[in-house]
Structure formats: C-alpha cells, structure tokens
Amino acid sequence: MNTPTLLLDGLPVPFSAGQTIMEAATAAGVFIPHLCHHPDFKPQGSCKLCTVKANGRYVSACTMPAKDGMEVENDSPDLNDKRRTLLQMLFVEGNHFCPSCEKSGDCLLQALAYELEMLTAHFAQFYPDRPVDASHPDVLLDFNRCILCELCVRASRDVDRKNVFALSGRGIGKHLIVNAESGRLADTGFSLADKAAHVCPVGVILAKRQGFLQPIGQRRYDRQPIAMQFASLPGSGGNGPEA
Amino acid sequence: MNPPAGQRRLRLATTSLAGCFGCHMSLLDIDERLFDLLDRVDIDRSPLTDTKHCGPCDIGLIEGGICNAENIHVLREFRQQCKVLIAIGACAINGGLPAQRNHLDLGQCLQEVYLTGPGIIGGRIPDDPELPLPLNQVHPIHEIVRIDYFVPGCPPSGDAIWKFLTDLLDGRTPRLGHPLLHFD
C-alpha cells in the first residue's frame, strides 16, 4: 500500500495514519503558525493561528486529521492576513510591552508577529489592569501577557497532576487563575521543576533570578526566524523547535 | 544618492511626543549615511533644526505616543502638513514605556511623585498654565490620526530606519525583514 500523502501548498507531504495536518507538516519541515499547539500535548485548536484551508474549508491544522489526497493551503496571503489579524487582537487585548519582557526574543507570540510582519497592533489598545503574582519563591506570574493558550493548564493537569492553573470567566472576561483559595501561586504545590513551569509560549510564567541571563539580541528568534527553524528540522517527527 | 534627474528634493519633519528621543538617536545612528540622506531631503520641523512648526512636508516621522494635550496638537499639525506620516518606535505604535502608567490613577501618580514620595519636603504638583495637561492614559498615535507606516523597535536600529527610509525614497514598498524587524 502506498504511503498516504497530502498536498501542502502543492508540496507532496507523506504522513502516517492518525497524524494531524500539523504533525505531517512539522515532520516535513514545513512551518504552520501556531500558539496553543505543542507536540507534547493533546491539541485543542483554540488559538486558530494554525488555520489552513483543507479541500477549500478553513480548519485548524493542529486538530484536523490528515487525509490521503487532501489539498492544504497554508502559506498564502489570505491565510496570513487572517493570522496577522488574530495576532493583532491578541496584542491589544493584553499588555505586550516587549522591551520590558524577559521573554522577548524567545517568545512565540513575538516570533509569529515577526514572521507575519505585523508592524502595528492596528486596533485600539485595551490596556487591561492585571496585577502580577510574585508570591512564589521561584516563579513570577505576569498575567499581562497571557494569551489563554492553556498550555500551562494542560501541563499542570495532564503531566504534573497538580491542576494549578485554569481559565475562568467567559468571552472577553476570560482569564487565567491559580487554584488556591488565596489565588496566589505560593499557596499551591507549584514548583519550578513542573512541566507547567516551562511550557508558556509567552512571558507569563517566568523563573526568578534568571532575568536577562541571555542578552536580548542573541535569543532564539533573534538568531533565526521561526519558520526557518522548522525548515532546518526535517523529519523531526512532530517535534518543533520548542520541544 | 542624489535625487534622480528631474526629481525634486523631499521635505522631512520629525518630532518626539511621549518618547525618550531614543528613536531620534537611532536616526543619528545611520552615521555617515546622514550625508546621503541630506543629499535627498531637506529637514523641516525637527529637534535637529529646532524649527517650532511644521510646513508642508513629504514625510513626517513621529516618535512617542500621546500623553498630553500638546502631543495631540503637534500630531494633528504633522498629519495636516505631511503627505506620509510614519510611527517610529514602540511608544508611537503601542504607547510603550509611558503607557505603563495606564493602569494607575493619574491623580495618585502626581501626588506620589510630587507630594508623598520618599524624600519630598514641601513638594508641589506643577500647575504652570504653560504646561500641557496630561491625559489620564497614554495612547499610540494611530488612535488619534491616520498613520501610513509603522517602524517598530525600542528603538528601531539605525539600519532598520535606513532600510525603511531608502525603500520609501526609492519608491519601493518599505519592508523590514529579519533581523531588522524587532519589537525590543
């Protein structure tokens, strides 16, 4: 039997049964922009950055199973315009002040904004008031940068078995909360050794006393754009550079 | 870098609103390329010329966001006079550092800085009528007037500014790729 193959922007990409479009593309070294997807966790398809057109329909590449003969449009002006708009909405919803952020240069949100050439957040800034939580001895929580990807929620629940994080509220009121009566991270069993301490794609969960160990300008996405990092990892079996 | 035959010299104006002049320092960081730039443009209102008002210009570069009433007047003057208006740097584009006060009450801010902060004796909140009134929040300039181009960075590097300006002057669509496009 022939290996099933899909066409990704016209490029034949073989895949194995059960793989999603995202997994097939990553294994082939093709970058599909994404924020809430992480190869170590069950995909949830919430950020919609990975939206592709599969056989003419908009679908999330991280949740859509690959099918033999499927024609997938990924790197097109239409899709990249929509992705850039999603990024712009994320940027104005929170307080993403890159020059003061310890994650700058290692941040997935910022790397995607560079990749998609987002020069302005376009919309009016919300400037929400979100106090930081510095209660934990080893970890700072800066909610200003949260994009609600739920990677920390999934890591704490599914890997660490601690259920430290959750999303609360609905719609524009949705926000990240900490599972303690006081609401403070110090009053949970959270530890720097937890998987959840190392999955945040933006600068919400930060280890203390490590700030700017690596100078700005020499960080992961300062050195090479994110799509090129994927292209240099062909056959990586679904593990992106953040693995 | 002389203007192509038959092409007139262009007029460039620059200003810093709620900014730190870091973007202007970056403009000076184009170093000897300043001579190439001055072969092609005349500088109108700018901290470099100390001209106080902007005449009709081709290009306006705005550093900094909007933090007081005067900023808005200056920005509107630039929009009126400049054919192409460019937001340069983080503060002009998203409010930047000055906007970090946006979740604080302005009155309490002034009280703490001028009256109750450590080491202040006999302080007084500045109230000279010549001082522009601060706004309760700092905002990016595209929320006040239409902006044609954005050059992000805190500050954008001299190379980024040079690439942008030469693209624009040569009639290309300005484009900052890696590694010139930076938010930090």
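Order of the sequence lines sets the chain letters (A, B, ...), proteins ahead of strands, with each chain counted from 1.
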Is [X] close to chain A through its backbone or its side chain, or both, or neither, when contacts mean heavy atoms under 4.5 Å?
{"X": "B:N94", "value": "both"}
{"X": "B:L97", "value": "both"}
{"X": "B:V138", "value": "backbone"}

Review point. Hey, is the main chain of B:R175 close enough, under 3.5 Å, to the side chain of B:K163 for a donor-acceptor pair?
Key: yes
If the threshold is 4.0 Å, N to carboxylate O, is there a salt bridge linking [X] and [Y]?
{"X": "B:R40", "Y": "B:D170", "result": "yes"}
{"X": "B:D148", "Y": "B:K83", "result": "no"}
{"X": "A:D187", "Y": "A:R184", "result": "yes"}

Point to revise | Beyond-backbone contact of A:D78 with A:K53, side-chain heavy atoms, under 4.5 angstrom | key: yes
Check your understanding: Would you say A:C107 and A:C101 make side-chain contact, with heavy atoms under 4.5 Å?
Key -> no
Practice item. Take B:R33 and B:I161 through the side chain to side chain contact (heavy atoms under 4.5 Å, CB included) test and state the conclusion after the steps. Key: CA-CA 11 Å; B:R33 290 169 290 186; B:I161 293 173; over 6 Å; no
Point to revise | Test side chain to side chain donor-acceptor pair (under 3.5 Å) applied to B:H24 and B:T14, step by step | key: CA-CA 8 Å; B:H24 275 82; B:T14 78; 2.8 Å; yes
Exercise for review: Go through B:H103, B:H182, B:H178 and name the one with the most non-hydrogen pairs under 4.5 angstrom from chain A.
Suggested key: B:H178
Review point. Which bit of A:N95 is near chain B, if near means a heavy-atom gap under 4.5 Å: side chain, backbone, both or neither?
Key: neither
Check your understanding: chain B heavy atoms under 4.5 Å from A:S104: which part of the residue, side chain, backbone, both or neither?
Key -> both
Practice item. Taking the six-membered ring for Trp and the single ring otherwise, decide whether the centroids of A:F190 and A:F165 are under 6.0 Å apart. Key: yes
Review point. Is any residue of residues 109-131 of chain A within less than 4.5 Å of chain B by heavy atoms, and which ones?
Key: A:Q110, A:A113, A:Y114, A:E117, A:M118, A:L119, A:T120, A:H122, A:F123, A:A124, A:Q125, A:Y127, A:D129
